[in-house]
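One structure below.
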Amino acid sequence: MTEDDGTRDGPSMNIVLADDNDDHALLIQMALENAAPGPLTIRRAHDGDEAIELVEQEPPDLLLLDLNMPGRHGHEVLERLKGDDRLRRVPVAVLTSSDRDEDMAQSYGLGGNHFITKPADPAELEARLESLLNNLRDLQVVTRGKGSMRAGGLSAVDPDSVAIRRNLPWFAFGMAVVIIVVFGRCAGVL
């Protein structure tokens, strides 16, 4: 566990870093410390089960989750956390060396909030994490799903117009086929 010296102006953040690779974890931790807009507490998990345990003990402001870990795979961790009413609101950023579309789709499908492929360049990793942390900081003022909050706005988009726009190309294609067939019959070609 590491803690920032507290000399930054932004709000403090509690982060769980789940990565079994010590070298990757050290690089990520250094990038986080450089990128954080405020004081930072980082708790490290070396496998999926430990990640779940740390999140259950004290839900963090962010879970950085590697996919390929011993014990529970990152997707299993994500599924377990997002299936728990108390923990589903914990933002999860999958931070992995995988760039497979299937991994990204499954991560988002299981409720992951972000998917970041670990870049080879530490400066790029720091920039990506800085963007992520700034977004999280901006969202800390928004409380979702607590108390008696209700939706306060109405959509300006009519659902019927969306359906029409979605189906219009198919309708136009069908009409073109009908016109071609009718013209072909009239001309004696068909």
When I52 is tested against each of V77, V16, L63 for side-chain contact (heavy atoms from CB on, under 4.5 Å), which residue passes?
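Result: among V77, V16, L63, V77 is the only option passing the side-chain contact (heavy atoms from CB on, under 4.5 Å) with I52.
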
Main-chain N/O of [Y] paired to [X] side chain as donor or acceptor, under 3.5 Å:
X: Y108; Y: F115; value: yes
X: K82; Y: R88; value: yes
X: R44; Y: D19; value: yes
X: E79; Y: H75; value: no
X: R128; Y: T117; value: yes

Indicate the ring-plane relationship of F173 and W170, choosing parallel, tilted or perpendicular according to the 30° and 60° boundaries.
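Perpendicular, since the angle between the ring planes exceeds 60°.
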
Rounded to the nearest 0.5 Å, what's the gap from [atom1] on [X] to [atom2] on [Y]? Could you check?
X: M30; Y: I42; atom1: CE; atom2: CD1; result: 11.0 Å
X: L125; Y: I116; atom1: CG; atom2: CD1; result: 8.0 Å
X: H114; Y: N135; atom1: NE2; atom2: CG; result: 6.5 Å
X: S131; Y: L136; atom1: OG; atom2: CG; result: 9.5 Å
X: E50; Y: Q57; atom1: CD; atom2: CD; result: 9.0 Å
X: S97; Y: D103; atom1: OG; atom2: CG; result: 9.0 Å

Do [X] and [Y] have side chains that approach each other closer than 4.5 Å (heavy atoms only, starting at C-beta)?
X: N14; Y: R43; answer: yes
X: L95; Y: L67; answer: no
X: L32; Y: L64; answer: yes

Are [Y] and [X] connected in a single hydrophobic cluster, I mean Ile/Leu/Val/Met/Phe/Trp/Tyr linked by side-chain heavy atoms less than 4.5 Å apart?
X: L65; Y: L87; answer: yes
X: L27; Y: L17; answer: no
X: L54; Y: L78; answer: yes
X: L40; Y: I28; answer: yes

Please test H46 against D22 for side chain to side chain contact (heavy atoms under 4.5 Å, CB included), starting from the C-alpha separation and ending with a verdict.
CA-CA 8 Å; H46 295 82; D22 290 335; 4.0 Å; yes

Shortest non-hydrogen contact from [X] to [Y]?
X: P59; Y: V90; answer: CB-CG2, 3.9 Å
X: V94; Y: S107; answer: CG2-OG, 3.8 Å
X: L132; Y: A93; answer: CD2-CB, 3.8 Å
X: E124; Y: P119; answer: CD-CB, 3.7 Å

Please determine whether side chain to side chain contact (heavy atoms under 4.5 Å, CB included) holds for the pair R86 and E56, giving the CA-CA distance in whole Å, both sets of side-chain angles, and the decisive distance to 0.1 Å.
CA-CA 9 Å; R86 189 175 75 88; E56 287 177 336; 4.0 Å; yes

Assess the residue pair I15 and D61 against the criterion (side chain to side chain contact (heavy atoms under 4.5 Å, CB included)); give the C-alpha distance rounded to whole Å, side-chain angles, the decisive distance to 0.1 Å, and a yes or no.
CA-CA 6 Å; I15 296 175; D61 298 309; 5.6 Å; no

State plainly whether the residues R80 and E76 are in salt-bridge range, i.e. N to O under 4.0 Å.
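No salt bridge links R80 with E76.
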
Report the C-alpha separation of T41 and M13 in whole Å, then their side-chain angles, then the decisive distance to 0.1 Å, and conclude whether the side chain to side chain contact (heavy atoms under 4.5 Å, CB included) test is met.
CA-CA 6 Å; T41 300; M13 294 188 98; over 6 Å; no

Can you tell which of D49, D47, D66 makes a salt bridge (Lys or Arg N to Asp or Glu O under 4.0 Å) with R72?
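Looking at D49, D47, D66, the match for R72 under the salt bridge (Lys or Arg N to Asp or Glu O under 4.0 Å) is D49.
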
